[in-house]
Q: 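Sharing a structure with you now.
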Amino acid sequence: MSVKEELANKRIVLIGAGTTGKSIANYLIKEGLTFDIFDEKTDSLNGLPVLNTLKNDYDIALISPGWQKDHGVISKLASVGCELMSELDLAWRLKEEIAPAQKWVAITGTNGKTTTVQMVESILSKSSSRAIACGNVGTTVIEAVTSPENFEVLAIELSSFQ
């Protein structure tokens, strides 16, 4: 079963209406999937309503990277058996389906992540690989995976808690 087919049978909530949430929402919309959006700081995302309180009937929560796993909302979802999936989890599953040969180079740590990721992208591009710096450095991972440019390598900046 494809990722789209699996998600079509789920009640989905997107946690976070920031940059990554917007990218996930764009993917879900493009695929014609139905979902709710939850965020504590806004009431709309690209014209879509954003919930400030959760329903209790979700099968899967797609969580933006800025949300800590011990946040009350995420703990509540986990306690009722909702599957928790990060943007990276979703992007990896999509990558396995649409670009199985794509390689990921993930960089994390305290200092120098952005510079290192940009250097990796530059090195790979100079070696004739179709590469992109993504993650916390601009383009989201889900955007890079689903891009029509068919990147061979993603140089991904990850925060330490990802």
Side-chain angles (χ1 to χ4, degrees), residues 2-4 6-7 10 12-31 33 35-42 44-46 48 50 58 60-75 77-78 82-162:
S2 73
V3 174
K4 177 184 174 182
E6 185 178 332
L7 291 175
K10 305 275 185 175
I12 302 168
V13 62
L14 170 56
I15 305 295
T19 300
T20 302
K22 186 183 290 187
S23 294
I24 295 170
N26 288 340
Y27 166 75
L28 296 172
I29 290 166
K30 182 181 119 216
E31 295 299 330
L33 298 167
F35 61 99
D36 287 336
I37 306 168
F38 173 85
D39 197 291
E40 297 169 323
K41 297 179 181 175
T42 187
S44 70
L45 174 65
N46 291 347
L48 298 171
V50 173
Y58 297 107
I60 188 165
L62 301 173
I63 304 168
S64 296
W67 289 73
Q68 299 288 334
K69 292 218 178 211
D70 62 354
H71 188 284
V73 168
I74 296 172
S75 297
L77 289 165
C82 183
E83 179 183 356
L84 306 178
M85 183 182 295
S86 71
E87 180 231 1
L88 290 174
D89 296 330
L90 177 60
W92 181 264
R93 291 177 62 192
L94 288 168
K95 168 238 171 305
E96 289 293 288
E97 186 175 302
I98 63 178
Q102 185 180 74
K103 305 292 185 224
W104 287 15
V105 177
I107 311 290
T108 190
T110 306
N111 296 312
K113 295 183 297 293
T114 301
T115 301
T116 303
V117 164
Q118 290 170 335
M119 286 173 45
V120 169
E121 175 194 37
S122 180
I123 291 166
L124 291 166
S125 294
K126 294 290 184 200
S127 71
S128 300
S129 292
R130 288 184 318 278
I132 185 171
C134 60
N136 297 346
V137 71
T139 302
T140 63
V141 179
I142 198 149
E143 287 172 327
V145 168
T146 59
S147 171
E149 293 186 47
N150 299 317
F151 294 108
E152 295 172 299
V153 183
L154 306 187
I156 305 171
E157 179 182 331
L158 299 175
S159 64
S160 59
F161 62 86
Q162 286 179 289

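Remember, it's a predicted structure, so these values are computed and weren't measured experimentally.
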Q: L48 versus I29: any side-chain heavy-atom pair under 4.5 Å?
A: yes
Q: If you count every heavy atom of other residues, nucleotides or ligands that lies below 6.0 Å from K22 atom NZ, does the total exceed 12?
A: no
Q: May I have the step-by-step check of side-chain hydrogen bond (donor to acceptor under 3.5 Å, both in side chains) for T114 and E157, ending in yes or no?
A: CA-CA 6 Å; T114 301; E157 179 182 331; 2.6 Å; yes
Q: Side chains of E143 and S23 only: does a donor on one sit below 3.5 Å from an acceptor on the other?
A: yes
Q: Please report the C-alpha distance between N150 and R130 in whole Å, then the side-chain angles of each, then the deciding distance to 0.1 Å, and finally whether the side chain to side chain contact (heavy atoms under 4.5 Å, CB included) criterion is met.
A: CA-CA 8 Å; N150 299 317; R130 288 184 318 278; 4.1 Å; yes
Q: Between CG of L124 and CZ of F151, what distance do you get to the nearest 0.5 Å?
A: 12.0 Å
Q: Any side-chain heavy-atom pair from L62 and L28 closer than 4.5 angstrom?
A: yes
Q: Could you tell me whether a side-chain N or O of T146 sits under 3.5 Å from a main-chain N or O of I142, the two making a donor and an acceptor?
A: yes
Q: State, with a plain yes or no, whether a side-chain heavy atom of I60 is found less than 4.5 Å away from one of F35.
A: no
Q: Is the shortest side-chain heavy-atom distance between V105 and V153 below 4.5 Å?
A: yes
Q: Kindly compute the distance separating CZ (R93) from NZ (K4), expressed to the nearest 0.5 Å.
A: 15.0 Å
Q: To the nearest 0.5 Å, what is the distance between OG1 on T20 and CG on L90?
A: 11.5 Å
Q: Compare every heavy atom of A144 with every heavy atom of I132, then report the nearest pair and how far apart it is.
A: CG2-CB, 3.9 Å
Q: Given 3.5 Å as the limit, does a donor-acceptor pair link the side chain of T42 with the main chain of S44, or not?
A: yes
Q: Where do V145 and A91 come nearest, in terms of heavy atoms and distance?
A: CG1-O, 3.8 Å
Q: Heavy atoms, side chains only, cut-off 4.5 Å: are D36 and Y58 in contact?
A: yes
Q: For a quick check under 3.5 Å, do D89 and S86 share a side-chain donor-acceptor pair by atom type?
A: yes
Q: Less than 4.5 Å apart, any side-chain heavy atom of L158 and any of I107?
A: no
Q: Taking all non-hydrogen atoms of both residues into account, name the closest pair between I37 and A17 and its distance.
A: CG2-CB, 4.3 Å
Q: Looking at every non-hydrogen atom in both residues, tell me the closest pair between A133 and V117 and how far apart they are.
A: CB-CG1, 3.5 Å
Q: For S64 and G16, which heavy atoms make the closest approach, and how far apart are they?
A: OG-O, 3.6 Å
Q: Using salt bridge (Lys or Arg N to Asp or Glu O under 4.0 Å) as the criterion, list what pairs up with E97, not counting sequence neighbours.
A: none
Q: Distance from I63 atom CD1 to H71 atom NE2, nearest 0.5 Å?
A: 11.0 Å
Q: Determine whether V50 and F38 satisfy the following criterion, side chain to side chain contact (heavy atoms under 4.5 Å, CB included), listing intermediate values before the conclusion.
A: CA-CA 5 Å; V50 173; F38 173 85; 5.6 Å; no
Q: Taking all non-hydrogen atoms of both residues, which atom of V141 and which atom of L88 are closest, and how far apart?
A: CG2-CD2, 3.7 Å
Q: CD1 of I15 to CD of E40: how many Å apart, nearest 0.5 Å?
A: 9.0 Å
Q: T115 and Q118: side-chain hydrogen bond (donor to acceptor under 3.5 Å, both in side chains), yes or no, with the steps?
A: CA-CA 5 Å; T115 301; Q118 290 170 335; 5.1 Å; no
Q: Roughly how far apart are Q102 CD and K95 NZ, rounded to 0.5 Å?
A: 6.0 Å
Q: Please tell me if the side chains of L84 and L77 come closer than 4.5 Å, counting only heavy atoms from C-beta onward.
A: yes
Q: Passes side chain to side chain contact (heavy atoms under 4.5 Å, CB included), E87 versus Y27? Steps please.
A: CA-CA 11 Å; E87 180 231 1; Y27 166 75; over 6 Å; no
